[in-house]
Amino acid sequence: MKSSPRAARSLVCLLLLTQAPIPPLLAKEAAGSATPATGTMVAPSVGQADPWLYRGSDIPRDPEWHFGELGNGLKYAVRKNGVPPGQVSIRIRVDAGSLYETDAERGYAHLLEHMLFRQSKYLPEGTAIAAFQRLGATFGSDTNAVTSTTQTVFKLDLPNATPTSLDETFKLMTGMVTAPTLSASNLKSDLPIVLAEMRERGGASKRVQDAMQKVLYAGQPLANREPIGTVESLTSATPASVRAFYSRWYRPDNVAVIVAGDVDPAMLESYVKKWFTDWSAKGKRTPAPSFGDPALPQGADPKNPVGETRVLVEPDLPPSLMYATLRPWRQVTDNIVYNQGLMTDAIAQAIINRRLESKARAGGSFLSASVNQDDVSRSADATFVSVTPLGDDWQAALRDVRAVIADALTRAPTQAEIDREAAELDVAFQVPVEQQRILPGSKLADDLVNALDIRETVAAPADVLRIFRESQPLFTPDAVLKHTRQLFTGTVTRGLFTVQEAGKATDKQLQMALAEPVKADASVRAVLAPVSFEKLPAIGAPAKPIADTQTGLLEIEQLTFANGVKALLWPVAEEPGRVMVKTRFGGGYRSVDPKDAAYITLGNYALVGSGLATLGQDDLDRLSTGRKMGFDFEVKDAAFELSAETRPQDLADQLYLFAAKLDLPQWDVNPFTRAKAAAKIQYATFATSPQGVLSRDLQFYQRGEDPRFATPTPDEIEATTAEGFKRVWSKQLKEGPVEVQIFGDFDKVAAIAALEKTFGALKTRQPYAGAGTPAKINVPKPSDKPVTLVHHGDPDQAAAVISWPTGGGVMGIRESRQLEILTQLFTNRLMDAVREKLGVSYAPYVYSSWPVDLAAGGSITAMAQLDPKSVPIFFQTADEIAQNLINNPPTADELALVVEPLRQQVTRAASSTSFFMSQLEGATSDPSRIGTVRSVLSDYTITTPQAMQALAARYLGKNNSWRLEVMPEGKESKVAGK
């Protein structure tokens with residue numbers, strides 16, 4: 001049973017722009033308040049009186065979904081949803097993935113996914129991307145497909161759906177699924193792309209994944225059935241062999257069509273019937289293959305069923321140990337009793353995980369550990385235990401984790417522990433009820449697809465919450481103990497241990513350690529006193545705002561307090577149950593001394609966890625029990641940011657947490673110590689792949705080798721101290737302006753009262769160092785010679801980056817938005833030239849960054865993952881595309897292919913308050929940002945070919961660029977920051 005919230009149109013209003021009619025946006029000033037639309041009921045269709053999803057189940061049917069079956073066996077479900085306005089999300093699910101392949105067909109399910117986009121009945125070869133772009137759908141986000149071990153799903157989110165565009169979309173997607181060409185030419189074009197994807201997914205992480213599959217699912221098809229396939233099977237593919245796989249599984253009685261969108265369900269149903277009714281299958285349906293069962297190896301002890309184990313040496317990955325207790329997977333009847341059992345399982349796991357986290361926070365043998373039950377690919381019902389050891393004594397770490405679990409298996413938890421986890425679950429089930437009107441149709445469609453994959457139903461949020469609350473008397477200590485024991489009882493236990501050096505452990509040692517009896521550890525069962533906000537110290541004397549003004553945009557108003565704090569408030573009743581809170585303070589990267597750069601990374605890990613007021617990390621956890629509060633932290637160019645999504649009833653306390661972090665910080669050393677260990681462990685993992693190296697170093701080079709943007713080395717992390725951490729971050733917490741944004745469903749009077757007691761009560765802020773002086777912004781020097789970095793991964797992996805510096809600042813905001821159009825043009829050409837014509841890279845792309853808070857530092861960046869020999873080809877191709885954009889304006893048709901998807905992206909984004917929140921960051925210090933919101937749609941969509949050519953000439957000249965390559969080990973290396 002999956003929760004399936006009911007959606008309705010979010011705020012439907014007009015944002016006043018200078019141009020003529022646009023689709024409805026979230027603004028209210030032009031159109032007044034919107035009236036939410038509810039799902040339109042339709043007359044029962046075929047199967048509606050007896051919905052196929054619920055047959056044999058007592059789960060209450062979600063009335064918003066309308067189910068049907070065609071005469072050819074195809075199943076469908078449609079529903080009304082208005083989030084975002086005008087969009088329709090279509091999912092075509094084929095019940096076949098890599099586990100449905102024979103040995104000779106490995107990789108065919110995924111290969112077919114590509115080939116269906118290549119050419120079909122209504123799509124000439126290579127035209128799918130452009131066809132969907134003309135409909136306003138962005139390839140890769142709005143238009144995509146996913147192949148897993150058990151299913152293949154074709155996805156399209158159609159913006160601004162009209163009867164004409166919907167009919168055309170169903171026509172194109174139906175042609176792809178029911179009548180693909182699957183020619184030799186198609187195979188020749190797609191095979192290199194699939195092989196490139198295989199190459200890019202290689203490396204240390206892939207080796208660990210492969211080893212885990214082989215060990216944990218030994219003897220089952222899942223052990224060697226990754227969707228990507230093998231080089232041998234893929235290169236042996238022929239049009240006939242691919243067609244045979246297609247014919248076996250792509251048939252109407254093996255397909256479900258799921259549609260959710262801002263259209264009457266009867267109309268959605270009519271498109272399904274129009275375009276899928278004539279699809280017929282040849283021959284009898286092939287039964288799904290057996291996925292096998294986990295089995296204990298011969299000679300193993302059934303009373304202590306430890307089976308296969310393996311130790312894998314990966315020098316660049318942190319030590320990581322995983323073991324799993326496996327049981328056969330069996331399809332169940334998804335009924336209320338079954339779900340009550342799942343709820344009890346969830347409580348049992350949450351109790352153990354909280355105890356393990358408490359053990360890790362206290363310091364000891366492991367950095368982190370967790371347990372998690374999962375039904376894996378309809379192949380195994382498994383309980384996983386993951387452990388990250390600290391130091392060389394992995395056996396102590398494993399023993400300590402198993403001892404905490406052993407205690408949970410020996411004695412029942414207290415009712416207080418159960419009630420705490422039940423309160424957390426109650427919030428998790430209650431939030432969808434409160435926010436059901438604002439859940440996107442794309443998520444609703446995906447949730448139903450996932451339910452089909454795991455052979456379960458969906459239920460309306462109110463029914464899920466009701467069933468949970470009615471089940472609370474079942475959550476007793478004895479019941480949780482019983483379920484805990486069931487979670488750790490199985491056919492076989494298997495384990496994999498990844499180590500950095502050979503000789504640290506052997507397969508046999510791991511097997512013996514898993515079989516060794518352990519003494520139960522009850523030390524983390526300590527009963528903790530309750531924590532409440534009422535007992536926390538006040539921030540200071542409450543203070544009323546000294547100014548309350550309208551911003552002139554929508555109904556957003558600004559409060560100003562005497563201590564310098566400014567707040568933007570926008571109550572929006574049309575987003576029920578959700579309140580977004582953001583606090584910007586200080587000077588961000590630019591306010592940190594470069595000598596203290598390592599503390600930026602540690603702040604990301606440990607600043608929130610170091611406590612506030614009288615609360616440590618455990619106290620903060622207990623304080624939020626049964627509440628929806630967050631504490632995300634981010635370092636930006638010119639500000640630090642705390643953000644959270646909360647609920648109206650939790651808003652005042654959420655504001656207290658943020659304000660207390662600034663004014664009443666604690667400095668618990670344990671989170672800092674743990675952060676140091678995590679940062680050092682993680683560092684080596686960056687070198688395992690080109691992507692990892694780019695994640696580690698690209699921003700450093702894009703910012704002119706400013707050390708504040710470098711990833712600190714283990715030696716630099718080791719040199720930090722708890723005293724230094726407190727020195728750096730206590731300074732940042734108390735300096736610089738504070739801006740608070742509160743957008744969403746809240747009572748304005750209550751919110752202002754809460755602000756008066758929290759942010760209004762803060763001490764007067766001190767200016768941060770360097771305030772008032774222009775920030776020094778380092779920009780890379782142009783060069784034709786690439787910076788060469790190395791990775792330790794597979795020798796056939798590389799990455800290439802070419803970047804052109806641009807600008808920054810609010811004054812250039814329109815130009816930054818126009819650059820988004822230019823980069824989309826560049827991406828389309830690069831995709832065609834590098835991916836389609838050369839087949840050397842799976843996902844080349846181009847993006848633009850423009851720091852609004854700084855006067856410079858932006859860039860246009862093109863990058864691709866490819867094989868080493870193709871790096872020069874990439875640089876040459878990118879230079880040629882850039883020069884062509886300089887020499888020749890794009891055609892009107894080419895421009896339309898990128899402008900329409902951008903128009904739809906902006907329109908959909910603007911149906912949420914979070915869009916306006918992001919656009920208005922920093923507006924209390926720089927009011928000009930308010931005006932830039934009014935032109936956002938026109939800036940992204942109104943342009944000319946000549947304007948694009950002029951932008952290209954301004955920025956994309958060859959003498960303006962610099963480049964970077966990430967090559968396999970053995971090439972010349974330049975280490976970041978050195």
Side-chain angles (χ1 to χ4, degrees), residues 198-217 223 226 228 308-324 356 360 365-370 372 384-398 401 494-507 509-511 513-514 601 604-605 674-698 711-718 789-799 865 966-970 973 975-976:
M198 177 186 293
R199 180 186 66 246
E200 291 157 14
R201 291 183 179 182
S205 296
K206 182 63 165 59
R207 289 193 294 272
V208 172
Q209 175 68 24
D210 289 345
M212 185 184 73
Q213 295 285 109
K214 286 178 169 58
V215 172
L216 297 187
Y217 311 109
E226 280 296 294
I228 197 63
E308 293 84 349
T309 55
R310 181 179 173 188
V311 175
L312 180 68
V313 178
E314 288 291 346
D316 294 323
L317 292 183
S320 178
L321 196 157
M322 171 183 282
Y323 69 92
L356 288 170
S365 59
F366 60 93
L367 179 66
S368 62
S370 64
N372 175 56
F384 299 94
V385 180
S386 301
V387 185
T388 301
L390 274 177
D392 292 329
D393 195 350
W394 64 270
Q395 288 165 312
L398 177 59
V401 170
R494 296 172 173 145
L496 175 71
F497 185 20
T498 304
V499 298
Q500 293 180 313
E501 299 175 27
K504 291 290 185 182
T506 65
D507 296 353
Q509 286 175 328
L510 177 57
Q511 188 179 56
L514 288 171
T601 293
N604 279 318
Y605 278 113
R674 197 177 181 193
K676 285 185 66 171
K680 289 191 291 185
I681 286 174
Q682 183 187 25
Y683 188 83
T685 66
F686 292 119
T688 61
S689 67
Q691 307 97 296
V693 172
L694 291 177
S695 175
R696 184 191 69 195
D697 293 341
L698 179 58
T711 302
T713 65
D715 287 344
E716 290 167 339
I717 291 293
E718 183 58 34
L789 306 175
V790 299
H791 68 88
H792 303 158
D794 294 346
D796 61 351
Q797 291 186 337
Q865 302 172 48
V966 185
M967 305 296 284
E969 195 167 20
S973 171
V975 179

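Worth knowing before you read on, the calculation uses all heavy atoms, side chains too, and leaves out hydrogens, waters and symmetry mates. If you're wondering where the values come from, they're calculated on a predicted model, not measured in any experiment. We count residues from 1, following the sequence as given.
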Q: Please assess E718 against K680 for the test side-chain contact (heavy atoms from CB on, under 4.5 Å), listing each intermediate value before the final yes or no.
A: CA-CA 8 Å; E718 183 58 34; K680 289 191 291 185; 2.4 Å; yes
TODO: Please test L317 against T688 for side-chain contact (heavy atoms from CB on, under 4.5 Å), starting from the C-alpha separation and ending with a verdict.
DONE: CA-CA 8 Å; L317 292 183; T688 61; 3.8 Å; yes
Any non-hydrogen side-chain atom of Q691 less than 4.5 Å from a side-chain atom of Q865? yes
Nearest heavy-atom contact between L312 and A211 is CD2-CB, 4.0 Å
Residues at least two apart in sequence or cross-chain that pass salt bridge (Lys or Arg N to Asp or Glu O under 4.0 Å) with E501, listed by chain then number, are none
Backbone of D507 reached by a side-chain donor or acceptor of T309 within 3.5 Å:
yes
Exercise. Are any side-chain N or O atoms of Q797 and backbone N or O atoms of R199, one a donor and one an acceptor, separated by less than 3.5 Å?
Worked result: yes
Residue pairs passing the salt bridge (Lys or Arg N to Asp or Glu O under 4.0 Å) test with at least one member in residues 311-324, sequence neighbours excluded, are R207-E314
Across all chains, not counting sequence neighbours, the side chain to side chain contact (heavy atoms under 4.5 Å, CB included) partners of P712 are A598, T601, E716, I717
Under 3.5 Å, side-chain donor or acceptor atoms of residues 384-392 against the rest of the protein: list the pairs with distances, not counting sequence neighbours.
unit_1 : atom_1 : unit_2 : atom_2 : d
D392   : OD1    : K504   : NZ     : 3.2

- Between K206 and D210, is there a salt bridge with N-O shorter than 4.0 Å? yes
Quick one: do H791 and E969 satisfy side-chain contact (heavy atoms from CB on, under 4.5 Å)? Show the steps, please.
-> CA-CA 6 Å; H791 68 88; E969 195 167 20; over 6 Å; no
Across all chains, not counting sequence neighbours, the salt bridge (Lys or Arg N to Asp or Glu O under 4.0 Å) partners of K676 are none
Worksheet item: Backbone N or O of L367 within a donor-acceptor pair of the R674 side chain at under 3.5 Å?
Response: yes
Residues passing the salt bridge (Lys or Arg N to Asp or Glu O under 4.0 Å) test with D796, sequence neighbours excluded, are none
